[in-house]
Amino acid sequence: MKYVAVVCPRCGMASAARAGAKSHVCPFCGARIDLEKAAVIASGSAQEVRKAVARYNSSRTR
Ligand SMILES: [Zn+2]
């Protein structure tokens, strides 16, 4: 199974979504993210994507 890390256009947090899915619901704010338009910051295995998400979110948390 392949995953992508996408950035939510509403709250700016990254989360992991299944690659090939059309949309994804942001776990932070509940926004529906259109995966064809979303900013993808990483793709690969679940582990790689989880790492990219954690790195992205920790760099912007204050
Ligand atoms: Zn969000």
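It should be emphasised that the depicted structure is a prediction, and the values quoted were computed from it without experimental measurement. In each ligand, atom 1 is the first atom listed, and ligand 1 is the first ligand listed. Values below: all heavy atoms of this structure, side chains included; hydrogens, waters and symmetry mates excluded. The residues of the chain are indexed from 1 along the displayed sequence.
With sequence neighbours excluded, the residues satisfying side chain to side chain contact (heavy atoms under 4.5 Å, CB included) with Arg10 are Cys8, Cys29, Ala31.
Members clustered with Val49: Met1, Tyr3, Val53, by chain and number, using a 4.5 Å side-chain heavy-atom cutoff among hydrophobic residues.
Around the Zn ion (ligand 1), the protein N, O or S atoms closer than 2.8 Å are Cys8 SG, Cys11 SG, Cys26 SG, Cys29 SG, listed by chain and residue number.
Each of Val7 and Leu35 belongs to its own hydrophobic cluster when Ile, Leu, Val, Met, Phe, Trp and Tyr are linked at side-chain heavy-atom distances under 4.5 angstrom.
Here the shortest heavy-atom pairing between Phe28 and Cys11 reads CB-SG, 4.0 Å.
Pairs passing the salt bridge (Lys or Arg N to Asp or Glu O under 4.0 Å) check and including a residue from residues 16-43, sequence neighbours excluded, read Asp34-Lys37.
Not one N or O on the side chain of Asn57 forms a donor-acceptor pair closer than 3.5 Å with the backbone of Met13.
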